[in-house]
Amino acid sequence: MRGRMGVLHLRINGDDVEVAAPSHWTLLEVLRYRLGLTGSKQGCDKGDCGACTVLLDGKPVLSCLTLACTVEGRAVTTIEGLLPAHVAGGGQGADPVQDAFDRCGALQCGFCQSGMMLSARALLDRNPNPSDEEVRAALAGNLCRCTGYTQIYQAVELAIAEATGKRPKPRSWESTEPRGSS
Amino acid sequence: MAARDRHGKDAPWGEFAVVGKPLRKVDGLAKATGAAIYADDIALPGMLHAKTLRSPHAHARIVSIDASDALALPGVHAVITGKDLPVKYGVIPWTPDENALAVDKVRFIGDPVAAVAAVDEDTANAALKRIRVEYELLHAYLDPRESLTRHDPAIHEGRKEGNVSKNVLLEFGAIDQALATSDVIVEDEYTFHGTTHAAIEPHCAVAQYSADGVLTVWSATQITHYVHRALARVLELAPHRIRVVQPCLGGAFGGKSDPFSLEFCVATLAMRTGRPVKMLYTREEVFYCHRGRHPMQMRYRTGASKDGMLRGVDAKILIDGGSYSSFGLVTTYYAGQLLTGPYAFPTYRFDSTRVFTNKPPCGPKRGHGSVQPRFAFEVQLDQLAEKLALDPIEIRRRNFVGEHTTTVNGQRITSNGFLACLDQVERASDWSTRHGKLPFGRGLGVAGSMYISGTNYPVYPNKMPQAGIQLKVDRSGLVLAFTGGNDIGQGSNSVVQYIVAEELGLALDQVRVVAADTDLCPVDLGAYSSRVTFMVGNATIDACRKLRAQLVEALAAHWQVDAKRVRLIHGEALDLEDATHHLPIVEAFHLAEERFDTLGATGSYNTPELGGPYRGGTIGASPAYSFTAHVAEVTVDIETGRVRCEKVWIAHDCGRALNPMLVAGQMEGSAYMGVAEALMEEHTVNRYGLHRGPSLLDYRIPTSVDTPELAALIVESLDPEGPYGAKEAGEGPLHPSIPAISNAIFDAVGIRLKHLPFTPGKVLAALAERRARAGEPTVAGGAR
Amino acid sequence: MLRLPKFEVATPSSVGEAIALLAEAGPSALVVAGGTDLLPNLKHELATPELVVSLAGIRELVGIRVDAGGALAIGAMTTLAEVAASELVRTRAPALAQAASLVAGPQLRTMGTLGGNVLLDTRCQWINQSYFWRSALGFCLKKDGTKCHVVEGGKKCVAAASNDTAPALMTLGATLELEGATGRRSQPLDDFWVADGIYNKKLAHAELLTEVRVPPTAAGHRGAYGKLRERNSIDFPLLGVAVRLDVDAAERIQAVDIVVTALAAQPKRLARVAELLFGLPARGAEFERALEAVAATAAKQCNPLPHIPGDHEWRKAMVPVWVRRTLRAAAERGGPVHED
């Protein structure tokens, strides 16, 4: 294939789609501005922040550095795909990773988190019981400016705990002592 | 008026059903599933895309601009320059010195010069390259010390102060005498470098101009109301013809507080072309917008008695403001006004001077104006403790300013949980057995701070409420809360939801929040100065109590019982004394609507009269102050000079934690940002005045594997005026991280780092100097 | 957002097809593998190709195997994540696995390829910037200008080789298998570089790197990679040190090789290190003393310039530290060396 404009065939969140896009467009631009899948974010323009992370055949990649026409025929999962996939698999509501992020306060501004949650989802898909170090390492390509990462780890830990029957560690602020001075 | 009512610290129905629990956020699942709409997610039919041409020179006069080639390019719909937007603006009404696009001159590399709207971004970019601008270069000021003494050429012409942006000199008590009679004096210089917000969402704005003359601007702003005002001023449009909407916002930290060039440009281009127009900044442009933390050169002189009691503090501060005023007037005050707690200063003087330089403009970043002096002073306090052989926590305890008191500069302090904060970090870090006793290379450091929960200075003078809220009660059982407050990720919309649910006894899913839309929502002054929980929270309670009274009265009449027996909880209305009386709350809504007609309520908040009786005395005067103490644990690799912050214990007095999980998130995020400023980040220009590395590759914010363990310890002092006793939590907890790290480095390896950031090179140099003083060999050894 | 310049894309499915496309299009065509180096550079308008030839669809370029001669053969399009995780690579070429594991961040290693990392363009704080940024200082001699901002009056580009895997591969004696319009050739990596930051490699237009071959390593092979960087993820090296240390059955050092990167336009092999270590036991006081001598000679041989971001004087001070730590890690079968 060669040309300035092409028709791409992508499997997006389980659906086969055809989409026409100029050849110099990135996958991120096609997702956001052709397909209306705006859950994938653009933060840094050029592969430094991870907000545009999507899963390509199940692996996290940066859609802002992926030429759309070079992923012809491949499977792309965006943040919009997780809940429907969970429901289709017999689950209720959001994917357990998404739900845990919400329950742990990990979504402050939320802008980096679609990429973060997809990195976490990919990790848990290949290793349902990762260590704390493995979680940190898997998220080391997704910058978050709000949380200091703590509640993100807690969310991933909660998702792991609920899937494996482990108990999550207590949080520093869940002290049973009185908090007050008066 | 109800605005200044105190609603009390207690639960509206005896015990809290919602407040104090780690609940989900009102918008959490929308964000989690990718459904939340941020500014760049907006696409309107026929929308054009706009780009900005920027100055490649740090300081120059614009001789001419020729855009004819750009306009001739197919697909280009409009080009605008400074001539099209000549009215100056500035977020502080006294210092309007910005133009949406440069008029006559440019003042830093990246200053906007022209804007193009075209069918797509590629065409707009191509058009930018066809605009020819002729410049006449002027001397560029890159060193703030030069701007103090040299005023020709002036960065802003026609000012009698020349290149000095603002000077504040305030003196409280007989400072010179106090210092002269002190037993011990510590005097030193400290440097705070520049840092920037680096919210992950770049600035973006979309404008639409309707055929009937209504301009709508969706912008990634944290202060909708000021954007509204600025648009009206610059576009010379009646404010009622303008609607400003803040979509979901991808982080701000102060960096989206000013009105920005792109908002005026998309508005003008939309009006010119009759088409919707979007402008999305590149990451590089976000660095040029900046408004980040001001670099400060600070000299502090502190006197104390032998037992460590502070006698006086004398500060002289030079502030590098960059090219425009922005919030600089306030910054210059805050640099002095916010230091007078949590320790008592019997006497105090500060002399702070902000100057213009030809660099990206500085502004408010999380902990506006006070993070830098706090760093200097908390290190100085440690130096004092060292000199007097006092424990660093002990010297802080001894000088505690107290609660329900007034500071030397006339600020009223209400609740104050600082001592509890010190206790918490002392205990959690095992301070007493570890500080001063860890192996060489590992250390603990402490620091404290205070911060405002909003101020009574409303940016533009007016006597109207600072926060307003409106409730609409629906026959479906839904309450819609309309707030002008800006949720920037901190969770302010969730706070509104929690309070409405608490007050009206509703389930969370019975409350939805509409925010930050100037057409739909009452005015609120926006998300800055950590004002939202305190002020919007109080306004929400105010509105709810009016509505609650109607619901209770209707129910009491229906059951023919005393109103005191009526209770609303979890979506039900109950009679506390008769179990047969209970209704779903939606039926209570119907009863009330029958009795009172269509239901709704407004609520508002305004600060009491606060502040010292002198010029500037209200700046920094807050209805309540938060207090924080940190202990940081660091390791120092003496071979590489690298400092690793291993853990930070963050104890923060937030009054009452309306949602402790969200409070902890603010504390952890603040501490993370402080650690990053101490060890990693630096916003600076090169010898050309060009930003050194305007990208998230070169401006290095910490990744997951660079961030220390963060332990949030919540202290609740229950403020008499906060909503249920709540105070701020979003900015205060940043302050102590930076000095705590410096103090921990001293504990670890015996060097005092006073000039930020604490790069490995500086650490190695200080270690070498220390060895030289001690007469040891100066070569870094392999001691590790 | 920051846009790519307009170009056409070709997605050939064989090496032959790719070479033909490149040969036909001439110098206005560029090759993209994982895209993690080229795409930011294109967004910065460091090149404005008419055609970009993607190798993503060429299956024959992917895979890790041991060839008939016992060499480790890694297809150029094998991702860095695959290289880092491969048991074959980890056991036979630990320095390479370690180097691959430290390139950038997780997503970039999933996208980035070994071939792409070996062929990474040189980097400099004055060049890896947008067109606007570069225009504001009148460009530089690597692209669009005539001036060097690193070395005053400099006439030769000093942009730095910043590829983590290249020094590791050099210590392993790797050979690049190249294929072009006129045929195939095997190019020892040692002799692949040119001391010119503008283009630092002996690779002709329309010539593709198809495979990287690592000859069999000795039974007592030890290797490690050390990377100095500001953050423990995402960043390019401020300094990279690759070490090979071969020991005999008695744990005595038989061969040593150290290659350092991020100093100049090409990776640099340290001289006079083998003689300081040959025959010594790979642990103990004697080894530690020799490490000091090696570190000292490394410091003399390495002079980082202010070309890539970061304090170059500190980078210089870190040369002996990193050489010592990486050597020690190799001797102890440890590494990679990165966190402080």
Side-chain angles (χ1 to χ4, degrees), chain A residues 32-33 36-49 51 78-80 82-83 93-95 98-99 101-114 117 135-137 139-153 171-175 178-182, chain B residues 22 24-25 27-29 31-38 40-41 43 197-202 248-251 253 282-284 403 415 417 419-420 488-491 653 657 660-665 668-669 671-673 695-697 701 703-705 707 710-718:
Chain A
R32 287 182 56 78
Y33 305 134
L37 293 168
T38 54
S40 304
K41 302 301 185 195
Q42 185 278 122
C44 70
D45 294 317
K46 54 187 190 69
D48 303 325
C49 78
T78 71
I79 195 66
E80 291 92 342
L82 294 190
L83 182 149
D95 181 279
Q98 295 174 315
D99 199 51
F101 269 62
D102 185 31
R103 285 156 62 203
C104 291
L107 297 146
Q108 287 192 24
C109 84
F111 198 80
C112 72
Q113 300 291 16
S114 46
M117 287 183 284
V135 172
R136 281 177 176 245
L139 303 181
N142 294 88
L143 297 175
C144 170
R145 195 58 164 165
C146 292
T147 59
Y149 302 101
T150 307
Q151 293 184 331
I152 291 169
Y153 301 146
R171 287 126 205 210
S172 57
W173 47 270
E174 285 175 324
S175 146
R179 296 199 195 105
S181 63
S182 59
Chain B
R24 292 175 189 260
K25 292 174 73 178
D27 53 2
L29 281 170
K31 287 174 174 173
T33 55
I37 299 298
Y38 297 74
D40 185 44
D41 301 341
H197 320 82
I200 308 294
E201 179 200 29
C248 196
L249 194 74
F253 315 109
T282 63
R283 175 55 54 182
E284 180 181 0
E403 53 184 349
S415 62
L419 290 180
I488 61 176
Q490 86 283 43
D653 166 21
M661 184 170 74
L662 301 193
V663 168
E668 291 154 3
Y672 144 90
M673 201 173 265
S695 69
L696 291 179
L697 181 63
I701 70 175
T703 71
S704 59
V705 289
T707 302
L710 303 167
L713 306 163
I714 297 172
V715 170
E716 296 184 293
S717 67
L718 304 187

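Just so it is clear: chains get the letters A, B, ... in the order the sequence lines come, proteins before strands, and each one is counted from 1.
- For Gln98(A) (side chain) and Ala32(B) (main-chain N/O), a donor-acceptor pair under 3.5 Å exists by modelled atom type.
- A donor-acceptor pair is defined here as one N or O able to donate and one able to accept, closer than 3.5 Å; no such pair exists between the side chain of Asp45(A) and the backbone of Thr282(B).
- Contacts of Arg136(A) with chain B are made by both backbone and side-chain atoms, with heavy-atom separations under 4.5 Å.
- A donor-acceptor pair under 3.5 Å is absent between the side-chain atoms of Gln113(A) and the main chain of Lys31(B), judged by distance alone.
- Chain A forms the most heavy-atom pairs under 4.5 Å with one residue out of Gly665(B), Ala199(B), Ala711(B), and that residue is Gly665(B).
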#### Entry: Derivation and outcome, side chain to side chain contact (heavy atoms under 4.5 Å, CB included), residues Asp48(A) and Arg283(B)
CA-CA 10 Å; Asp48(A) 303 325; Arg283(B) 175 55 54 182; over 6 Å; no

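- Taking chain B as the reference chain and counting heavy-atom pairs below 4.5 Å, the highest number among Cys104(A), Gly43(A), Ala137(A), Gly110(A) is found for Gly43(A).
- Judged purely by atom type and a 3.5 angstrom limit, Tyr153(A) uses its side chain to pair as donor or acceptor with the backbone of Ser704(B).
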### Query
Do Thr703(B) and Leu139(A) pass the side chain to side chain contact (heavy atoms under 4.5 Å, CB included) test, and can you show the C-alpha distance, the side-chain angles, and the key distance before you say yes or no?
CA-CA 8 Å; Thr703(B) 71; Leu139(A) 303 181; over 6 Å; no

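- Listed for the Arg145(A) side chain is no donor-acceptor partner under 3.5 Å among the backbone atoms of Phe253(B).
- Proximity to chain A (any heavy atom under 4.5 Å) is restricted, for Ile488(B), to the backbone atoms N, CA, C and O.
- Here Met117(A) is the residue among Glu80(A), Met117(A), Lys46(A) with the most heavy-atom pairs under 4.5 Å with chain B.
- When atom types are taken as modelled, the side chain of Ser172(A) and the backbone of Ala712(B) share a donor-acceptor pair closer than 3.5 angstrom.
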### Task
With salt bridge (charged side-chain N to carboxylate O under 4.0 Å, His left out) as the test, would you mind laying out the steps for Lys41(A) and Asp40(B) before giving the verdict?
CA-CA 9 Å; Lys41(A) 302 301 185 195; Asp40(B) 185 44; over 6 Å; no

